[in-house]
Amino acid sequence: MADDVASAVLDALPIAVAVLDSDGTVLRLNEAWRRGGATGTALVPVAPGGSWLAACAAASAHLPYLDQLATITRQLLDNHRGRPHLEVRCPGPRGPRWLLVRLRPLMGGQGLVVLVDDITERRETEEKLRHHATHDMLTGLANRLAVTERLAELSSGFPAQPTDQTSGRDDLHPAALFFLDLDSLCTINNTFGYRIGDMVLRATAARLASALRPTDLLARWGGDEFVVVAGHLTSTDAAVLAEALTHSLAEPLAIGGHRITVSVNVGMALLDAATGSINQRRSGRSRSDEPPSPDAVELVELASETLVRSRTQRRHRPRPRL
């Protein structure tokens with residue numbers, strides 16, 4: 001009677017449940033788990049009486065997360081303590097799914113219970129929120145938060161000591177930041193309207209992206225300003241990339257039946273390979289006893305200053321007399 005009640009309770013649960021003996025033998029699978037097994041979507045392809053650990057080992061070649069699950073299971077069976085859990089991404093007939101797996105020991109060391117909850121919808125919602133938080137609504141490009149995160153990632157991942165890939169390249173920098181200021185957007189908005197202006201921004205983003213490497217990050221900083229973060233490159237590489245970005249807008253954009261010519265001014269700042277700090281001289285800035293902390297806003301300010309200096313030099317360059 002008690003066993004029938006326990007089976008009924010387990011089968012009534014909406015989540016998949018497996019009960020294991022103290023040696024990892026599967027004692028019971030509830031209805032939700034059996035349905036998953038019938039459709040090939042169960043966490044572990046196992047049947048009552050079978051070995052949970054053996055099933056994990058057999059299927060781990062095409063389901064790598066089962067190695068970790070087997071390790072956690074073995075530890076819990078050995079010490080009977082803890083309430084471990086993990087989130088795994090597994091294949092499914094309608095696309096990948098996310099599962100929350102929780103393991104709980106039974107009283108007296110008599111085994112454990114595995115509870116599996118499908119959290120795909122929650123993870124997709126989190127991913128959408130994350131995307132909105134790090135991307136520009138108009139262009140779909142990365143935003144300031146994404147730029148800051150990418151700079152930190154490149155700085156922390158760059159080796160302090162030369163490696164096989166970096167040796168012999170003394171001028172190699174963890175990252176370069178390019179500040180791009182689009183010309184004439186205000187005039188375009190006033191002439192053609194803001195709808196066309198928005199289309200120009202999106203088309204400009206596509207052109208700039210075409211000049212980048214797959215690992216480079218293109219972001220919209222705001223208004224008519226863009227930022228590119230490129231990792232692991234020399235000063236020469238950076239200069240070549242800056243030229244490629246400028247050249248990407250050489251041909252007019254075909255927007256709404258119009259051919260619109262736009263151009264972009266590019267400024268650049270580099271991170272120092274040794275310290276991860278900004279590799280430009282600026283009074284009152286870095287101190288050797290401060291930890292490296294690349295700041296996106298500071299880098300953009302510095303890159304924009306190089307842009308302004310370049311404009312000024314062109315404006316005051318002597319013109320040849322005819």
Side-chain angles (χ1 to χ4, degrees), residues 127-151 175-231 233 237-269 296-317 319-320:
E127 183 59 32
K128 289 177 181 177
L129 292 174
R130 170 70 182 165
H131 182 85
H132 289 323
T134 56
H135 287 75
D136 174 60
M137 293 287 289
L138 175 63
T139 61
L141 296 178
N143 63 11
R144 295 188 180 200
L145 176 59
V147 170
T148 300
E149 292 178 347
R150 182 61 176 150
L151 284 171
L177 184 143
F178 303 83
F179 178 75
L180 300 90
D181 183 22
L182 195 64
D183 280 336
S184 306
L185 183 62
C186 183
T187 301
I188 292 170
N189 285 333
N190 292 337
T191 303
F192 301 103
Y194 284 94
R195 185 180 68 86
I196 295 294
D198 289 347
M199 295 172 68
V200 166
L201 284 173
R202 288 191 285 265
T204 297
R207 286 281 190 91
L208 295 174
S210 69
L212 301 178
R213 305 171 300 178
T215 54
D216 298 335
L217 176 71
L218 174 62
R220 185 183 180 204
W221 194 251
D224 57 358
E225 299 167 346
F226 296 86
V227 163
V228 170
V229 178
L233 73 178
D237 296 333
V240 170
L241 183 52
E243 183 65 26
L245 289 167
T246 302
H247 185 71
S248 69
L249 293 170
E251 294 295 323
L253 303 173
I255 304 292
H258 307 283
R259 288 178 60 82
I260 300 176
T261 300
V262 297
S263 61
V264 67
N265 297 290
V266 182
M268 179 177 63
V297 174
E298 187 177 4
L299 273 171
V300 167
E301 289 177 354
L302 190 57
S304 65
E305 287 180 6
T306 66
L307 184 153
V308 171
R309 285 198 298 270
S310 176
R311 282 174 170 170
T312 303
Q313 290 170 359
R314 289 199 303 267
R315 190 179 301 120
H316 293 93
R317 186 177 298 159
R319 297 181 178 178

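FYI, side chains are in, hydrogens and waters are out, and symmetry mates aren't considered; it's all heavy atoms of this structure. FYI, the numbering just counts along the sequence from 1.
In this structure, the side chains of Thr204 and Phe226 come closer than 4.5 Å at one or more pairs of heavy atoms. Inter-residue side-chain proximity for Val229 and Leu151 is flagged as met; some heavy-atom pair is nearer than 4.5 Å. The shortest side-chain heavy-atom distance between Leu141 and Leu217 does not fall under the 4.5 Å cut-off. Using a 4.5 Å heavy-atom cutoff, the side chains of Ile196 and Thr191 are not in contact. Considering only heavy atoms from C-beta on, Val300 stays 4.5 Å or farther from Val147 through its side chain. Side chains of Leu302 and Glu298 form no contact here, defined as non-hydrogen atoms less than 4.5 Å apart. Within the 4.5 Å cutoff, no side-chain heavy atoms of Leu208 are placed close to those of Val228.
Checked by atom type and distance alone, the side chain of Asp237 never pairs as donor or acceptor with a backbone atom of Val240 at under 3.5 Å. Side-chain atoms of Arg207 come within 3.5 Å of backbone atoms of Glu251 as a donor-acceptor pair (strictly under, hydrogens ignored).
Shown here are the salt bridge (charged side-chain N to carboxylate O under 4.0 Å, His left out) partners of Asp136, two or more places apart in sequence or in another chain: Arg220. For Ala230, the side-chain contact (heavy atoms from CB on, under 4.5 Å) criterion is met by Phe178, Arg213, Asp216, Leu233, Leu241, not counting sequence neighbours. Applying the side chain to side chain donor-acceptor pair (under 3.5 Å) rule to Ser263 yields the partners Asp183; only residues at least two apart in sequence or on another chain are considered.
Heavy-atom minimum distance, Ala239 versus Met268: N-SD, 4.4 Å. Scanning both residues, Ala269 and Leu299, for their nearest heavy atoms gives CB-CD2, 3.7 Å. Considering all non-hydrogen atoms of both residues, Val264 and Leu245 come closest at CG1-O, 4.1 Å. Taking all atoms of both residues into account, the shortest heavy-atom contact from Leu177 to Ala296 is CD1-O, 4.5 Å. Leu201 and Asp224 make their closest contact through CD2-CA, 4.4 Å (heavy atoms, listed as atom of the first residue, atom of the second, distance). The minimum heavy-atom distance between Ala209 and Leu218, with the atom names listed, is N-CD2, 3.8 Å.
Taking CG of Leu138 as the reference point, atom CG of Asn143 lies at 13.0 Å (rounded to 0.5 Å). Separating the CG atom in Leu182 from the CG atom in Asn265 is a distance of 9.0 Å, to the nearest 0.5 Å. Taking NE2 from His135 and CG from Leu145, the interatomic distance works out to 10.0 Å, rounded to the nearest 0.5 Å. Expressed to the nearest 0.5 Å, how far CG of Asn190 lies from OG of Ser184 amounts to 11.0 Å. Distance CG/Leu185 to CG/Asp198: 8.5 Å, rounded to 0.5 Å. To the nearest 0.5 angstrom, Thr139 atom OG1 is 8.5 Å from Arg202 atom CZ.
The number of heavy atoms from other shown groups lying within 6.0 Å of NE2 (His247) does not exceed 12.
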